[in-house]
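Just follow the structure's listing: the first ligand is 1, and inside any ligand the first atom is 1. Bear in mind that the values here come from a model prediction, so they are computed numbers and not experimental data. Below, all heavy atoms of this structure are taken into account, side chains as well, without hydrogens, waters or symmetry copies.
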Amino acid sequence: MFNLILFGPPGAGKGTQAVKIAETFGWKHVSTGDILRAEVSQGTPLGLKVKSVMEAGHLVSDELLIEIMESVFLKNSTVKGFVLDGFPRTINQAEELDKMLLKHGQKVTQVLALEVDEDELVKRLLKRALEQGRKDDTEEVVKNRLVQYHHHTKPLTDYYIDKKLYQEVYGVGSIDDIFSQLCAVIKP
Ligand code: B4P
């Protein structure tokens with residue numbers, strides 16, 4: 001099983017590229033952001049719990065995310081690979097992911113990080129706010145999401161560099177060009 005983590009700040013294009021990678025390689029795309037948004041829109045107990053946290057641009061608790069991911073792995077034990085988009089986002093999540101995979105005789109295979117400068121990230125997310133009206137794409141919340149990223153998620157870079165799994169891909173340019181660069185470095 002190929003376990004690819006697509007890493008990067010909010011707005012880096014993880015979701016955009018993860019869909020294309022999953023389709024091309026026949027892997028399962030798992031976006032924790034999409035999973036949580038679906039819970040919110042369906043008004044489930046989990047959705048009610050996380051709605052205000054997400055709308056403020058904060059991270060949902062590690063406990064909940066780990067529970068969600070455990071059930072994703074259990075339900076998809078026969079897939080050829082996963083493209084993880086938006087998970088892990090904290091060191092604790094990364095450690096728990098390693099443990100979860102180990103239980104099934106698996107490990108993280110590769111971590112690809114999309115590198116995009118902050119002005120471009122803010123521009124993209126504010127554009128999406130106009131187009132899609134996502135509640136966490138307002139200027140104030142976007143700034144908070146970037147703060148959360150630098151504080152909680154960016155430190156994962158060293159975690160994966162130490163494991164020799166981490167590779168950067170420049171994430172500015174056309175979606176197709178970035179996709180080609182990603183495909184060139186994915187080694188299934
Ligand atoms: P996510 O849904 O993961 O939100 P994101 O980081 O903004 O990534 P997204 O996939 O939306 O952006 P993308 O780069 O694809 O998370 C939302 C919230 O859920 C978090 O804030 C948190 O509260 C919660 N959450 C999720 N996972 C969690 C976890 N593990 N732990 C705790 N909490 C968690 O695209 C951005 C925009 O750029 C799009 O409009 C796209 O069309 C555009 N774009 C993409 N590529 C482009 C390119 N090359 N050029 C121009 N525009 C481009």
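Closest of all the heavy-atom pairs between W27 and K80 is CD1-C, 3.9 Å. Of all the heavy atoms in N3 and F82, the pair that sits closest is OD1-CD1, 3.4 Å.
For ligand 1, the polar-atom distance check against Q132 finds no nitrogen or oxygen pair separated by under 3.5 Å. Between L125 and ligand 1, no pair of N/O atoms sits closer than 3.5 Å. By the 3.5 Å distance cut-off applied to N or O atoms, L36 is not counted among the residues near ligand 1.
Residue R145 touches ligand 1 through its side chain alone, judged by heavy-atom distances below 4.0 Å. No part of Q17 comes within 4.0 Å of ligand 1, judged by heavy-atom distances. At a heavy-atom distance under 4.0 Å, only backbone atoms of A12 (N, CA, C or O) approach ligand 1. Residue contacts with ligand 1 for R134 involve side-chain atoms from C-beta outward but no N, CA, C or O (heavy atoms, distance under 4.0 Å). Only the side chain of I178 comes within 4.0 Å of ligand 1, counting heavy atoms alone; its backbone N, CA, C and O stay farther away.
Surrounding NZ of K51 are at most 12 heavy atoms belonging to other residues, nucleotides or ligands under 6.0 Å away. The 12-atom threshold is exceeded at CD of E131, counting heavy atoms of other residues, nucleotides or ligands nearer than 6.0 Å. The environment of CD in E139 is sparse: at most 12 heavy-atom neighbours from other residues, nucleotides or ligands sit within 6.0 Å.
Among all protein heavy atoms, the one lying closest to atom 51 (C) of ligand 1 is R124 NE, 3.4 Å. In this structure, atom 31 (N) of ligand 1 lies nearest to the protein heavy atom Q93 NE2, 2.9 Å. Ranking protein heavy atoms by distance to atom 12 (O) of ligand 1, first place goes to R128 NH1, 3.5 Å. Among all protein heavy atoms, the one lying closest to atom 22 (C) of ligand 1 is H58 O, 3.6 Å. Looking from atom 8 (O) of ligand 1 to the surrounding protein, the closest heavy atom is K14 NZ, 3.5 Å. The closest protein non-hydrogen atom to atom 15 (O) of ligand 1 is G15 N, 2.9 Å. Shortest contact from atom 27 (N) of ligand 1 to any protein heavy atom: T32 OG1, 2.7 Å.
Atom 20 (C) of ligand 1 has its nearest heavy-atom neighbour, among M54, R89, R37, in R89. Among V50, V60, T16, the residue whose heavy atom lies closest to atom 32 (C) of ligand 1 is V60. Across the listed options G57, G173, G13, G173 owns the non-hydrogen atom lying nearest to atom 49 (N) of ligand 1. When S174, S61, S31, G11 are ranked by how near their heavy atoms come to atom 36 (C) of ligand 1, first place goes to G11.
Inspection of the Q148 and N144 side chains reveals an N or O donor paired with an N or O acceptor under 3.5 Å.
A continuous path of hydrophobic side-chain contacts links V53 to I68 [ILVMFWY only; heavy atoms under 4.5 Å]. Cluster annotation: V30 and V50 are assigned to the same hydrophobic cluster (Ile/Leu/Val/Met/Phe/Trp/Tyr, side-chain heavy-atom contacts under 4.5 Å, transitive). Cluster annotation: L84 and I186 are assigned to distinct hydrophobic clusters (Ile/Leu/Val/Met/Phe/Trp/Tyr, side-chain heavy-atom contacts under 4.5 Å, transitive).
The shortest heavy-atom distance from I175 to ligand 1 is under 4.0 Å.
Applying salt bridge (charged side-chain N to carboxylate O under 4.0 Å, His left out) to D98 and the options K103, K163, K107 leaves one that passes, K163.
For the pair E120 and R124, the salt-bridge criterion is met [side-chain N within less than 4.0 Å of a carboxylate O]. Here K99 pairs with E96 in a salt bridge; the nearest charged N to carboxylate O distance falls below 4.0 Å.
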